[in-house]
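Report on the structure given below.
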There are 2 protein chains.
Amino acid sequence: MTQQPVTARRTPLNRDRVLAAAVVLADEAGIESLSMRRLAQELAVVPMAIYKHVANKEELLDGMVDVIVGEIGPALHNPDWKDAVRTRVLSARQALLRHPWARQAIESRTGRTAAVLEYMDDFIGMFLVGGFSVDLTHHAMHALGSRMWGFTQELFDNEAGHKSTADVPPEVQAAMVQDMSQRYPNILQVAMAARHDDGSVVGQGCDDQFEFEFALDLLLDGFERLHGQDWTSERAMRDRG
Amino acid sequence: MTQQPVTARRTPLNRDRVLAAAVVLADEAGIESLSMRRLAQELAVVPMAIYKHVANKEELLDGMVDVIVGEIGPALHNPDWKDAVRTRVLSARQALLRHPWARQAIESRTGRTAAVLEYMDDFIGMFLVGGFSVDLTHHAMHALGSRMWGFTQELFDNEAGHKSTADVPPEVQAAMVQDMSQRYPNILQVAMAARHDDGSVVGQGCDDQFEFEFALDLLLDGFERLHGQDWTSERAMRDRG
DNA sequence: ACCTGAACACCGTTCAAGT
DNA sequence: ACCTGAACACCGTTCAAGT
């Protein structure tokens, strides 16, 4: 029997199929490998066919971010704002962790799509339902910044590259530590203090999830304190001078 | 008299001249316009000549980040850690604001150059000199995240594009607000509450510097509190369960 | 040994020629 | 009217041929 043509050939292209394929391609080959031409190839389609469903590459990336936002759990209608916000941020983080490229994509977007605006609107709603003033909510959103999307700037690269310090000869590793301790004594101290299970050097073994929650809770506790004392930006600006 | 050849022709190329030209080009034409070929043209040099001074484009970007880091004021040797950190972060912010592309460049770098490591080492030193435990310092650095470099994720795009809401007809603006108030009522509330001098809509009129300092101080106050109660990550993890 | 033009293997997107 | 091949105007980087 003859081989069936790939499904991509049979079912007609549509926006969702384009976006889904783009997400898979970015997941598997990395965002730097995502090109209109490569994507078309993956869809078994001529490059220009994609332009029927997204205006250009920018719109493709917007759509991909929308897909990720769609994977974030819904906002809880919960009077306990702290729990609601915390839960949703950690849900966003889970979605982000499934798609390593998403962080960079979100950072690079300048405009905001409808899906993103909806997410933010819901997010703001959690503070307001929790009794926050519009004023404090505004500044809290700014303070959360990218943590609203479940990510933080990493201190050190923990991407591919040094997944295994095992294949570096121990004497070379020792020399590196020696060198680091002279050049960057403070970094070394901090790196050594961070628990590590594998005896590796910098940027390893520190628990990203713990770091994320540490910073998140620090901010949430701060918001709670300000909320409790009826903080207003006007008063804060007066106090500052 | 004959025109002198451009200085670029006469003084031989070196790494610093290449980096300086790249910074100027990115400042003036935007980071998206910075290509090896365009940079070569700006230096009145054949494209391949640049490769004598930087291995590839990645290294060029690394070097450009180093230039910006070099513009940040030195760390203060100040027992008042809070003042020292605050001052330096705001100095970093000034440097960043002079080079709009720098934020994206820093975010995109995975490895860390010597200049960046030095900056971080100095930065850590401010906490240690201030009496912080290595443990708390570690987590504080993570919590600061990109704020260490003087930037935060913007909530809304305030780049070029809507510098003047003036040229949008008022009836169109009114219709947009009407539409927003139905779709994204919470965003609209927050946007309206943010003071604005110019009667514009979303993302305008909110004082970025105030927002930055608000979040920074919230974190610094949090660090101070934890420091005062001899916080340790071990205890925090035990408490969390 | 050093320098560099041409070439290679790509891009995103336009456009006119085909059905 | 729709689709698409070829073309355009770029990329970063390799490499061999020139000095």
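Throughout, a chain's letter reflects where its sequence line sits, starting with A, and its residues are numbered from 1.
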B:Glu59 has an atom CD; how far is it from atom C1' of D:dG12, in whole Å? 14 Å
What is the separation between atom NZ on A:Lys57 and atom C1' on D:dC11, rounded to the nearest whole Å? 12 Å
Suppose you measure atom C1' in D:dG12 against the same atom in C:dT14; what distance do you get, rounded to whole Å? 23 Å
Taken to the nearest whole Å, CG/A:Leu39 to P/C:dT13 is 12 Å
Expressed as a whole number of Å, how far does the C1' atom of D:dC11 sit from that of C:dA7? 14 Å
Tell me, do B:Leu144 and B:Phe127 make a side-chain contact under 4.5 Å, heavy atoms counted? yes
Just the rounded figure in Å: distance from P of C:dG12 to CD1 of A:Ile50. 9 Å
Between C:dT4 atom P and B:Leu13 atom CG, what is the distance in whole Å? 10 Å
Taking C:dT13 as the reference, what is the distance to D:dT13 when you measure between their C1' atoms (whole Å, please)? 23 Å
Look at the aromatic rings of A:His138 and A:His142 and report parallel, tilted or perpendicular, splitting at 30° and 60°. perpendicular
For B:Glu213 and B:Gln209, run side chain to side chain donor-acceptor pair (under 3.5 Å): C-alpha distance rounded to whole Å, both residues' side-chain angles, the deciding distance at 0.1 Å, then the answer. CA-CA 6 Å; B:Glu213 294 187 29; B:Gln209 186 69 21; 2.9 Å; yes
Measure from CE on A:Met36 to C1' on C:dA9 and round the result to the nearest Å. 19 Å
Under 3.5 Å: donor-acceptor pair, side chain of B:Asn56, backbone of B:Glu59: yes
Extract the stems that DNA chain C is part of, considering only consecutive pairing runs of at least three Watson-Crick or G-U wobble pairs, both distances under 3.5 Å. C:4-8 with D:12-16, C:12-16 with D:4-8
Interatomic distance where CZ belongs to B:Arg38 and P belongs to D:dG12 [whole Å]: 12 Å
Which value, in whole Å, describes the distance between the C1' atoms of nucleotides D:dC3 and C:dC15? 13 Å
Keeping A:Arg147 on the side-chain end and A:Thr152 on the backbone end, is there a donor-acceptor pair under 3.5 Å? no
For A:Lys52 and for A:Arg37, find the nucleotide of DNA chain D with the closest heavy atom, then tell me which residue's nucleotide is more 5'. A:Lys52
Could you tell me whether the side chain of B:Arg103 and the main chain of B:Leu97 form a donor-acceptor pair under 3.5 Å? no
Going by the angle between their ring planes, with limits at 30° and 60°, are A:His139 and B:Phe214 parallel, tilted or perpendicular? tilted
What is the distance from CE of A:Met48 to C1' of D:dC2, rounded to the nearest Å? 13 Å
